[in-house]
Number of protein chains: 2
Amino acid sequence: MTTQVSPGTGSAPEPPPGGPRWLDAEEQRAWRAWLYSSQLLNDRLDRELTRATGIPHAYYEILVQLSETPERQMRMSELADRCLSSRSRLSHAVSRLEERGWVRRQVCAEDGRGLLAVLTDEGFAALEAAAPIHVEGVRTHLFDQLTPEQVAAMRDLGETLLRHLDPS
Amino acid sequence: MTTQVSPGTGSAPEPPPGGPRWLDAEEQRAWRAWLYSSQLLNDRLDRELTRATGIPHAYYEILVQLSETPERQMRMSELADRCLSSRSRLSHAVSRLEERGWVRRQVCAEDGRGLLAVLTDEGFAALEAAAPIHVEGVRTHLFDQLTPEQVAAMRDLGETLLRHLDPS
DNA sequence: GTAGCGTAGTTGAGCGCTTGACTATTCCGC
DNA sequence: GCGGAATAGTCAAGCGCTCAACTACGCTAC
């Protein structure tokens with residue numbers, strides 16, 4: 001959780017020139033609060049969604065991305081990128097969604113290497129059933145807890161980090 | 001990722017009385033930024049730590065928690081709680097750390113049911129080697145990107161959410 | 001003391017993810 | 001057009017997590 005080996009460990013290993021830039025007490029608190037809360041929130045939302053609908057959050061995201069596209073279909077690679085997923089992971093996930101009849105693969109006319117993932121009507125129906133559960137969780141566990149100023153700060157923070165982490 | 005089924009889907013399913021409290025555009029942006037950034041940051045830190053040291057972040061946390069205790073040992077249940085881990089998950093993880101020689105189990109004198117997880121010298125050494133890598137990642141990908149005001153906002157946000165999610 | 005219940009921790013099956021190797025197709029330069 | 005590099009996607013092995021069932025011990029009351 002923390003990044004300090006142990007309080008008062010004295011001398012420490014030194015990877016970057018000048019030694020590790022240890023966190024001070026304030027940074028530790030901020031880091032832990034962020035880490036714990038993000039972990040708990042994600043766990044909670046995923047568990048509630050999965051329990052209520054049988055759809056894990058990662059699969060839900062795939063369905064959402066497909067549903068937001070005009071033709072309800074997308075190239076596998078682009079879908080992977082949008083879901084912050086590796087190609088391999090997405091390939092496995094789409095296989096399982098295919099077994100449920102929610103998505104099907106279609107060969108891509110313009111590129112013989114490519115495939116399209118297509119959201120089926122059953123998949124869209126499953127998404128429609130799951131969405132209210134999920135949005136209610138986000139409300140309850142996130143937005144209901146925050147002031148408008150905190151929501152603004154959250155967005156600012158997230159977008160700042162995204163510029164560094166995902167400069168796409 | 002998002003919580004809306006599809007823009008302009010019109011009527012939607014209604015689980016809570018009054019219909020789902022959908023997110024408005026601002027909330028969507030905030031939610032997505034938070035979700036993506038936390039996911040990318042966690043993935044990145046975990047990957048860098050694992051590549052450089054062979055220790056996944058979840059295992060690192062176990063070692064840290066043990067190291068911060070005076071005797072470098074802790075009851076399994078308490079360790080699970082502190083690591084935001086289920087008993088089962090922790091049990092599996094400690095088994096693997098035991099195989100590496102970094103932790104060992106010890107019967108608990110006061111409670112015949114209980115076990116203590118004890119950090120070995122090898123485990124402490126592994127932690128000492130990994131800590132600088134991890135702290136450098138947190139610096140680079142988090143604190144170096146943020147102003148002091150943003151750090152304060154992050155802590156405030158995290159602690160607010162924790163009061164709701166983990167009122168322990 | 002023993003029945004019944006709660007707590008501590010483990011185990012095994014099954015699922016999902018990661019990694020790295022693999023096939024197939026397209027793109028590029030000559 | 002043809003050879004080599006890049007791109008799209010898949011697959012298998014191995015690891016870690018979840019869930020539910022299980023063992024073992026302690027606690028309380030009768």
Side-chain angles (χ1 to χ4, degrees), chain A residues 39-40 42-63 66 73-100 102-118, chain B residues 39-40 42-63 66 73-100 102-118:
Chain A
Q39 208 162 311
L40 284 170
N42 279 321
D43 287 357
R44 187 105 160 217
L45 291 174
D46 186 43
R47 204 172 307 255
E48 288 179 359
L49 186 65
T50 306
R51 278 202 179 286
T53 68
I55 311 177
H57 192 242
Y59 289 13
Y60 179 81
E61 286 171 18
I62 294 174
L63 300 181
L66 288 176
Q73 61 186 29
M74 200 183 292
R75 286 291 294 270
M76 294 288 284
S77 305
E78 185 176 354
L79 188 51
D81 289 345
R82 294 205 192 211
C83 293
L84 303 182
S85 177
S86 70
R87 310 285 162 102
S88 172
R89 182 186 177 192
L90 182 77
S91 182
H92 286 298
V94 166
S95 296
R96 281 172 216 121
L97 291 173
E98 233 175 349
E99 288 166 15
R100 298 193 193 190
W102 292 348
V103 169
R104 73 190 149 73
R105 284 174 165 94
Q106 201 171 67
V107 294
C108 178
E110 302 100 49
D111 189 337
R113 297 166 298 181
L115 291 177
L116 289 165
V118 185
Chain B
Q39 208 162 311
L40 284 171
N42 279 322
D43 286 357
R44 186 104 161 218
L45 290 175
D46 187 44
R47 205 173 304 256
E48 288 180 0
L49 186 65
T50 306
R51 278 202 179 285
T53 70
I55 311 178
H57 192 243
Y59 289 12
Y60 180 81
E61 286 171 18
I62 294 174
L63 300 180
L66 288 175
Q73 61 187 29
M74 201 183 291
R75 286 291 293 270
M76 294 289 285
S77 306
E78 185 177 354
L79 188 51
D81 290 344
R82 294 204 192 212
C83 294
L84 304 182
S85 177
S86 70
R87 311 285 162 102
S88 172
R89 181 186 177 193
L90 182 77
S91 182
H92 285 297
V94 166
S95 296
R96 281 172 216 121
L97 291 173
E98 235 176 346
E99 288 166 13
R100 298 194 193 189
W102 292 349
V103 170
R104 74 192 148 74
R105 285 172 163 95
Q106 201 171 68
V107 294
C108 177
E110 302 100 52
D111 189 337
R113 296 166 298 182
L115 291 178
L116 290 165
V118 185

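Computed from a predicted model, the values in this text were never measured in an experiment. Just so it is clear: chains get the letters A, B, ... in the order the sequence lines come, proteins before strands, and each one is counted from 1.
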Task: Residue whose closest nucleotide on DNA chain C lies nearer the 5' end, A/Arg113 versus B/Asp111 - done: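 On the 5' side of the pair lies B/Asp111.
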Task: Closest-nucleotide 5' rank along DNA chain C - winner of B/Leu115 and A/Ser85 - done: B/Leu115
Find the distance [X]:[atom1] to [N]:[atom2] and express it as a whole number of Å.
| X | N | atom1 | atom2 | answer |
| --- | --- | --- | --- | --- |
| A/Met74 | D/dA8 | CE | P | 15 Å |
| B/Glu61 | D/dC17 | CD | P | 10 Å |
| A/Ile62 | C/dG16 | CD1 | P | 11 Å |
| A/Arg75 | D/dT10 | CZ | P | 11 Å |
| B/Met76 | D/dA24 | CE | C1' | 15 Å |
| A/Gln39 | D/dT18 | CD | P | 10 Å |

What is the distance from atom [atom1] of [X] to atom [atom2] of [Y], rounded to the nearest 0.5 Å?
| X | Y | atom1 | atom2 | result |
| --- | --- | --- | --- | --- |
| B/Glu78 | B/Arg82 | CD | CZ | 4.0 Å |
| A/Asp43 | B/Ser85 | CG | OG | 10.0 Å |
| A/His57 | A/Arg44 | NE2 | CZ | 15.0 Å |
| B/Arg75 | B/Leu116 | CZ | CG | 6.5 Å |

Task: Members of residues 45-54 of chain B that approach DNA chain C, where some heavy atom sits under 4.0 Å away - done: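 Residues of residues 45-54 of chain B under 4.0 Å from DNA chain C: B/Arg47.
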- [ ] Kindly state which residues belonging to residues 87-97 of chain B come within less than 4.0 angstrom of DNA chain D, counting heavy atoms of the residue only, listed by number.
- [x]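 Of all residues in residues 87-97 of chain B, the ones placing a heavy atom under 4.0 Å from DNA chain D are B/Ser88, B/Arg89, B/His92, B/Arg96.
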Task: Sorted by number, the residues of residues 102-110 of chain B with heavy-atom contact under 4.0 Å to DNA chain D - done: none
Task: Donor-acceptor under 3.5 Å (A/Ser91 side chain, A/Arg87 main chain) - done: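 Absent.
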Task: Check: B/Leu49 main-chain N/O paired with B/Thr53 side-chain donor or acceptor under 3.5 Å - done: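 Here the side-chain-to-backbone pair exists.
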Task: Among C/dT18, D/dG16, D/dA8, the nucleotide that comes nearest once only the side chain of B/Arg100 is considered - done: D/dG16
- [ ] Counting heavy atoms from C-beta on, name the nucleotide in D/dC17, C/dC17, C/dA8 closest to the side chain of A/Ala58.
- [x]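 Nearest listed nucleotide: C/dC17.
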Open item on the list: One pair to check against side-chain contact (heavy atoms from CB on, under 4.5 Å): A/Ile62 and A/Trp102. What are the steps and the verdict?
Closed with: CA-CA 11 Å; A/Ile62 294 174; A/Trp102 292 348; over 6 Å; no
Task: Side-chain donor-acceptor contact under 3.5 Å, A/Tyr59 with A/Arg96 - done: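 Judged by distance alone, the side chains do pair up.
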- [ ] List the atom of A/Gly54, the atom of A/Arg100, and the distance in Å for their closest heavy-atom pair.
- [x]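 Smallest interatomic distance, heavy atoms only, reads O-NH1, 3.2 Å.
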Open item on the list: Which heavy atom of A/Leu84 sits nearest to which heavy atom of A/Arg89, and what is that distance?
Closed with: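 A/Leu84 and A/Arg89 have their closest heavy atoms at O-NH1, 3.9 Å.
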- [ ] Check whether any side-chain heavy atom of A/Leu115 lies under 4.5 Å from a side-chain heavy atom of A/Val107, and answer yes or no.
- [x] yes
